[in-house]
Amino acid sequence: MDNKNCMVDKIMLDEYETLMNTVSDAIFLVDVSQDGIFRYRRANKSHEKAIGLPFSKIKGKTPVEALGEKIGLIIEGNYKKCLLKRDCVTYEEVLPLPAGTKIWHTTLSPVFENGSVAQIVGASTDITHIKEIQNYLSYSIKFQKVVSEISKGFINTSELNFDRQLGITLQTIGDFVGVDRSYACFFSEDGEYFEKIYNWSKDGSKGPFMDFEGSPVNNFEWAFKNIKNKMFLLVESVDDLDIDAEVEKKYLLSVGAKTVLLVPFMLKGKVVGFIGLSKLSQKKWEENDITMLDIIAEVIVSALERVKAHRTLMREMERFRVTLHSIGDAVLTTDTTGCVTLLNSVAEKLTGWKMDEVIGKPLTEVFNVTDVKSGNPNGNTVRKVLETGIKVEQTNSTLITKDGSKRVIAENGAPIRDTENNIIGAVLVFRDVTEEEKRKEEIRFLSFNDRLTGIYNRAFFEEEISRLDTEVNYPLSLIIGDVNGLKLTNDVFGHQEGDRLLKSIAGIFTRVCGKKGVVSRWGGDEFAVILPKTTKDEAVLLCEEIKKACFDKAGFPVQTSIALGCSVKEDPSRDINIILKEAEEVMYKHKLLESKSARSSIISSLKKTLFERTYETEEHVKRLETLAGDVARRLNLSNNQIEELNLLCILHDVGKIAIPERILKKEGRLNENEWIEMKKHSEIGFRIAQSSYELSHISEFILCHHERWDGKGYPRGIKENNIPRLSRIFSIVDAFDAMTNDRLYRKAISIKEALEEIKRFAGTQFDPYLADVFAGMF
């Protein structure tokens, strides 16, 4: 039976724990020891989140031990109020907790055991959002209503009769409680000095502190350490004060006080003074005395605050107006019928309406909101607030402005309450999050899409290939493609041209395969396609269509082409990554087989661009090939060497593609700076050839085709046999063709004259042996 009861108790405890942790408010349970020490016993998950500490860090600790003296004393002060009142305590406070500074609405409820408060149950709600506006509006409404109902005592106290009314109040307290003296002290603005002291005495004598106006508060360090920590001070016997309170004891005895009770005046969370009672004989203070004095202190402070508020009402209203129109959020208020009562400048700008146009109009006429996704009318936030009396938030709204334009907004509403907690209206705070939503959408897009081409990226491809790898999608075909000549395009014509090439090929993939499967950019120059329910034959046909579309694509300096490979998964037992690898291997095989064709198209593209940008002509290249071929055969060069020499004749000046056109086509001699730029074309041509596998084998020959036998050439100044032989051959045939054909800057000379020049410079500019071989051909 006991086990069964234990099990029931455990189930009930688990249910209680679950209930506690599903509540959004911060719920906590505090043990109250007999000596008034508060220690945390239990708290829910919302409490942990609210304060920024796990419950394990505060369990069994006092607020001071858990949160430090500054915050802990504030919290303990509220717990003591609950303890002393022996009833529920509800208050608002600003606490700088580890989780951040927030405003909390807290209710403390005592739990009695054998007639004493054994525990305090607390529930805190975060009311930080729009509290400043809501509080001010509530305060303004309360102020006007209270002012209109002032009839007696402090309720109708003005600045002129505040002192008189406070004197009457002190006498009333003294008579009611049965003490000899009552007094009220107010501190200076900085809290360091006694600024104003009021006294009532049963026998007309001076009460404590009356001689200290203008004196430092710290003259009574022990007493005001307690007061400034927002705690009441109760001394039932002045004679029994210990050594820490020696100054206070001496003074109080000198004025005949035997027992004292002090309660702080709290104004906006700050101690601004205190109210006190003392008796010339011993007195046992009751909780009711403390509670009553605490209430009277609040009444006095409220009256003082109203007096100040009355004096500065117009200034405060102006400050409120400026604040309301200066904050970044749009603010709109309504009455209980949902009609607009206020619109700040941000709300005017966002909605397109002016305040004088909408005051008194139903909110639905000026605040037209629809759902972001569906476009259907959204729920009326203000109506929900007025019906439920709770805060309402909405983040998926589109506001249709006065001129019909649309803005995405985040909105939240809260009730405005009077002093009796009745709802007297609602405040709606909203802000334009259109750009935020755009940025979020861009982030969502970029997380699965390639920024350059707009098609899916590799991350999305890998997710999709796992998702689609199911039997319902078999046969599942994969296509892998590698763009030919992208690096060359980037290096020669710039990355903008390379990007244009990639976007064009992405468009081809999308047009051919987009409706049948998932197209993605798999890497820098690689594309991948997933094709559900597609046979290998169908995938092969799609590859052919892609290749043809690339070949037909015009407008690029290098012939557009791509190597493709495909594979298909039909057997569920096969790993999809193996299928992917097979497609990749087929692609590389095709790339190798097609390399000669790709090389030919790249060379043709470079030749075309070179001829368009420079004075080089195909006739000049053909003459160079013929002359170089004759020399090569006389030297018994291999077929590979002859092919390399022919390619050098075609692309020796390919680096001029990157030289400014104003230099290339300048009439007359180049100046020193222009000549320095022009001489760079050998190195540029070297880098261009190096960037392409198809041309890398002639890169060294291009680099050296302006070197001289005597070492006075460029760019490296190497000489004799250090210069590659093909470069030495080319320099002779190029010089000969230049001399025997007309140029813009000079006329051609005869073959005989040109040969004499070759012989004259043999051993300086030209390899003497090769010069002799060349001359022997004529």
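The residues of the chain are indexed from 1 along the displayed sequence. Heavy atoms only: backbone and side chains are in, while hydrogens, waters and symmetry mates are out.
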Side-chain heavy-atom pair [X], [Y] within 4.5 angstrom cut-off:
X: V529; Y: V518; answer: no
X: S731; Y: H706; answer: no
X: F701; Y: L651; answer: no
X: R708; Y: K719; answer: no
X: V408; Y: L399; answer: no
X: I409; Y: F367; answer: yes
X: L478; Y: L580; answer: yes
X: V483; Y: E526; answer: no

Any Lys/Arg nitrogen of [X] or [Y] sitting under 4.0 Å from an Asp/Glu carboxylate oxygen of the other?
X: E683; Y: K680; value: no
X: D499; Y: K503; value: no
X: E497; Y: R500; value: yes
X: R574; Y: D571; value: no
X: R760; Y: E757; value: yes
X: K581; Y: E584; value: no

*Can you name the side-chain contact (heavy atoms from CB on, under 4.5 Å) partners of K533, sequence neighbours left out?*
N473

Is the distance from the ring center of [X] to that of [Y] below 6.0 Å?
X: H652; Y: H681; result: no
X: F774; Y: F736; result: yes
X: F527; Y: F509; result: yes

Closer than 3.5 angstrom, by distance alone: can the side chain of [X] be matched with the main-chain N or O of [Y] as a donor-acceptor pair?
X: N741; Y: D737; answer: yes
X: S466; Y: E462; answer: yes
X: E538; Y: T535; answer: yes
X: R451; Y: G454; answer: no
X: E707; Y: C704; answer: no
X: T626; Y: L624; answer: no
X: T351; Y: A347; answer: yes
X: D450; Y: T453; answer: yes
X: Q641; Y: S638; answer: yes

_NE2-OG distance between H697 and S699, expressed to the nearest 0.5 angstrom_ = 9.0 Å

*To the nearest 0.5 Å, tell me how far L670 CG sits from I676 CD1.*
11.0 Å

*Partner residues of E545 under the salt bridge (charged side-chain N to carboxylate O under 4.0 Å, His left out) criterion, sequence neighbours left out*: none

Grab the two heavy atoms, one from [X] and one from [Y], that are nearest each other, plus how far apart they are.
X: L703; Y: S682; result: O-CB, 3.7 Å
X: K569; Y: P572; result: NZ-O, 3.7 Å
X: F461; Y: S520; result: CD1-OG, 3.2 Å

Has [X] got more than 12 heavy atoms of other residues, nucleotides or ligands less than 6.0 Å from its [atom1]?
X: N639; atom1: CG; value: no
X: Y456; atom1: OH; value: no
X: K548; atom1: NZ; value: no

*asked:* Under the criterion side chain to side chain contact (heavy atoms under 4.5 Å, CB included), I'd like the reasoning laid out for F766 against R728: C-alpha separation, chi angles, the key distance, then a yes or no.
replied: CA-CA 7 Å; F766 306 119; R728 285 180 272 148; over 6 Å; no

Looking only at side-chain N and O atoms, does [Y] offer a donor or acceptor that is under 3.5 Å from a partner on [X]?
X: Y474; Y: D469; answer: yes
X: E753; Y: S750; answer: yes
X: S405; Y: D403; answer: yes

*Are I546 and C513 close enough, and set up right, to give a side chain to side chain contact (heavy atoms under 4.5 Å, CB included), and what steps lead you there?*
CA-CA 9 Å; I546 292 168; C513 304; 3.9 Å; yes

